Amino acid sequence: MKVTIPAVKGTRDFYPELMQVRKWLYQKIQSISELYGYQEYEAPFIERIDLYAAKSGEELVKEQAFVFPDRGGDLITLRPELTPSLARMVAQKQTELNYPLRWWSYGPFWRYERPQKGRTRELFQWNIDLIGSNSPASDAELISICAAFFEAVGLTPSQVCIRVNDRGLMESEMRRIEVPPEQKRDVFRLIDRVNKLPEDAWRQYGIQLGLSQSQIGGLLDILHDKMLWQQSPNLVEIFEILEIENYRDWVEFDPRIVRGLDYYTGVVFEGMERTGGRSVLGGGHYDNLVADVGGEPLAGVGFAMGDVMTMIVLESHNLLPNVRPNSDTVLVTIFDKNCQRESIRFSNQLRAAGIRVLCYPEAVKLQKQLRFADKSGVRYVIIMGPEEIAKGQFAIKDLELSTQTMIDKIAAASEIKRILAQES
RNA sequence: GUGGCUGUAGCUCAAUGGCAGAGCGCUUGACUGUGGAUCAAGAAGUUGUGGGUUCGAGCCCCAUCAGCCACCCCA
């Protein structure tokens with residue numbers, strides 16, 4: 001069949017099978033979030049462009065967001081991230097909220113980017129934030145949530161790790177090698193690239209930024225100093241806490257993690273696959289979440305995790321759930337047109353008892369109905385022809401064992417429930 | 001935004017510039033009240049789209065759209 005209108009570039013169709021996986025992921029996220037006492041919230045999917053212009057970097061919004069004028073001429077943006085909306089929601093009720101807030105959200109985001117592996121234009125993202133606390137223990141809590149999530153989906157510390165750094169530490173190190181503050185951004189970008197470029201190209205890049213040979217050498221020393229975290233009281237305390245929680249194995253100090261976002265001011269972290277280096281989630285500590293949207297400065301820590309890369313990583317470790325759509329569903333066949341009413345009646349009798357029932361919608365050959373059941377993943381099929389209906393006893397066939405027994409119409413519901421319960 | 005690779009049946013892929021093909025799937029039957037296996041038959045296509053070169057284009061050229069991959073960027 002010819003599809004004349006293609007899907008929008010970079011979008012995904014969630015056919016039922018994939019939808020089950022998406023739901024499964026959502027449930028994992030929900031259960032971890034709630035386990036830590038976080039409350040779910042949701043922000044609008046569309047926002048005025050000004051909200052983003054206020055902070056997240058002008059380029060980001062202008063070039064990588066879906067923006068369109070509404071009928072009144074205002075520029076509306078499909079939200080490319082949640083933090084500005086969160087900041088607004090907090091600022092609007094700043095004085096009446098009960099701090100520290102622990103909020104989480106899972107929903108769709110849009111980015112006008114060129115699609116490639118692990119990157120679509122429409123994605124789902126888990127956002128979780130602890131707002132109104134400035135302690136290392138708060139930072140540690142978010143990191144331990146990452147670890148708890150990884151653990152809950154079946155990943156191990158040998159497959160993924162959470163790399164942690166402290167921007168404050170990096171800034172003081174940069175002062176030590178006399179990098180001027182206005183070059184902070186550029187140097188963070190340079191740090192970000194230390195593993196992506198060959199060393200001489202990387203040095204060249206550093207020189208272009210105006211760094212001296214000795215500064216570049218100093219920077220390299222910093223980036224290879226695995227013990228540098230001991231200079232950061234924050235990191236020391238965070239690692240202690242993670243140790244107590246038995247999550248220390250998931251975490252490692254990495255001076256190369258700085259994150260791109262300007263609003264991070266302290267601890268930053270990134271959850272990534274050990275092989276391949278694909279980043280699954282990222283977050284950090286910020287000192288002034290709401291100041292840019294008109295509130296009083298409020299510190300917090302949070303992270304975001306996209307569903308696309310998460311699914312790729314889970315898939316590559318064979319951790320996506322096996323989808324068996326109708327394993328707990330019974331199919332009631334229609335023997336012929338004359339028996340259809342009885343089948344419909346019986347189906348509803350079972351449903352009234354809480355059993356999931358697929359009633360075949362037309363009186364076609366039994367062969368076809370059984371074939372449908374088999375391909376649907378249904379295990380038990382009810383067969384009720386004139387003889388069975390006359391006797392008040394229906395056949396229940398187990399497609400997995402290829403066995404068939406008779407059950408009494410009256411006791412059918414409880415009998416089927418018993419059979420279904422046995423299976424699981 | 002920049003670059004590379006790829007678009008042929010529902011899916012995965014063949015076809016030296018010369019008749020449009022296979023496997024899987026699908027439909028039907030072998031099986032008159034029973035799924036998976038086997039066997040047989042059948043349906044299935046304007047070769048992504050639009051131009052061009054050529055006696056002749058799935059194949060070569062240009063454009064465009066889409067997918068994949070890398071860069072860029074990373075919320």
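For clarity, every value in this text was computed on a predicted model and none was experimentally measured.
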Check your understanding: Taking only N and O in the side chain of A/Arg121, is any of them less than 4.0 Å away from OP1 or OP2 of B/A66?
Key -> no
Review point. Do any side-chain nitrogens or oxygens of A/Arg79 fall under 4.0 Å of OP1 or OP2 in B/A75?
Key: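 No, no such contact exists.
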What about [X]: does its side chain form a donor-acceptor pair under 3.5 Å with the base of [N]?
{"X": "A/Gln125", "N": "B/A75", "answer": "no"}
{"X": "A/Glu400", "N": "B/G35", "answer": "no"}
{"X": "A/Arg111", "N": "B/C73", "answer": "no"}
{"X": "A/Gln369", "N": "B/U34", "answer": "no"}

Point to revise | Lys/Arg N to Asp/Glu carboxylate O, A/Glu342 vs A/Arg345, below 4.0 Å | key: yes
Side-chain donor-acceptor pairs of residues 305-316 of chain A under 3.5 Å, sequence neighbours excluded:
from     : atom 1 : to       : atom 2 : distance (Å)
A/Asp307 : OD1    : A/Arg12  : NH2    : 3.4
A/Asp307 : OD1    : A/Phe124 : N      : 2.8
A/Asp307 : OD2    : A/Arg12  : NH1    : 3.0
A/Asp307 : OD2    : A/Arg12  : NH2    : 3.0
A/Thr310 : OG1    : A/Gly306 : O      : 2.5
A/Ser316 : OG     : A/Glu273 : OE2    : 3.1
A/Ser316 : OG     : A/Val313 : O      : 2.9

Using whole Å, report how far [atom1] of [X] lies from [atom2] of [N].
{"X": "A/Trp110", "N": "B/C73", "atom1": "CH2", "atom2": "P", "answer": "26 Å"}
{"X": "A/Phe109", "N": "B/C73", "atom1": "CZ", "atom2": "P", "answer": "23 Å"}
{"X": "A/Met305", "N": "B/A75", "atom1": "CE", "atom2": "C1'", "answer": "14 Å"}
{"X": "A/Arg119", "N": "B/A70", "atom1": "CZ", "atom2": "P", "answer": "10 Å"}

Exercise for review: Please tell me which of the listed nucleotides, B/G35, B/A66, B/A75, lies nearest to the side chain of A/Lys9?
Suggested key: B/A66
Please state the [atom1] separation for the pair [N] and [M] - nearest whole angstrom.
{"N": "B/C60", "M": "B/G23", "atom1": "P", "answer": "27 Å"}
{"N": "B/A15", "M": "B/U54", "atom1": "P", "answer": "27 Å"}
{"N": "B/G25", "M": "B/C19", "atom1": "C1'", "answer": "27 Å"}
{"N": "B/G58", "M": "B/U49", "atom1": "P", "answer": "11 Å"}

Please write out each protein N/O paired with an N/O of nucleotides 3-7 of chain B under 3.5 Å, distance rounded to 0.1 Å.
from : atom 1 : to       : atom 2 : distance (Å)
B/G3 : O6     : A/Arg114 : NH2    : 2.9

Would you tabulate the side-chain donor-acceptor contacts of residues 362-372 of chain A under 3.5 Å, counting partners in other chains and residues two or more places apart, or write 'none'?
from     : atom 1 : to       : atom 2 : distance (Å)
A/Gln369 : OE1    : A/Ile334 : N      : 2.8
A/Gln369 : NE2    : A/Ile334 : O      : 2.7
A/Gln369 : NE2    : A/Val364 : O      : 2.8

Could you write out each protein N or O paired with an N or O of nucleotides 28-32 of chain B at a distance under 3.5 Å?
from  : atom 1 : to       : atom 2 : distance (Å)
B/G29 : OP1    : A/Lys365 : NZ     : 3.0
B/G29 : OP2    : A/Lys365 : NZ     : 3.3

Check your understanding: According to the salt bridge (charged side-chain N to carboxylate O under 4.0 Å, His left out) rule, which pairs have a member within residues 97-126 of chain A, sequence neighbours left out?
Key ->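 Applying salt bridge (charged side-chain N to carboxylate O under 4.0 Å, His left out) to every pair that reaches into residues 97-126 of chain A, excluding sequence neighbours, yields A/Arg102-A/Glu141, A/Glu113-A/Arg119.
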Exercise for review: Return yes if a side-chain donor-acceptor contact under 3.5 Å exists between A/Tyr380 and A/Thr329, otherwise no.
Suggested key: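 No, A/Thr329 and A/Tyr380 have no side-chain donor paired with an acceptor closer than 3.5 Å.
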Check your understanding: Counting any heavy atom closer than 4.0 Å, what does A/Gly302 reach on the DNA or RNA strands: base, sugar-phosphate only, or nothing?
Key ->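 The answer is nothing, as A/Gly302 stays clear of every strand by at least 4.0 Å.
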Exercise for review: Note every stem involving RNA chain B: at least three consecutive Watson-Crick or G-U wobble pairs, i with j then i+1 with j-1, with both distances under 3.5 Å.
Suggested key: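 Only these stems qualify: B:1-7 with B:65-71, B:10-13 with B:21-24, B:26-30 with B:38-42, B:48-52 with B:60-64.
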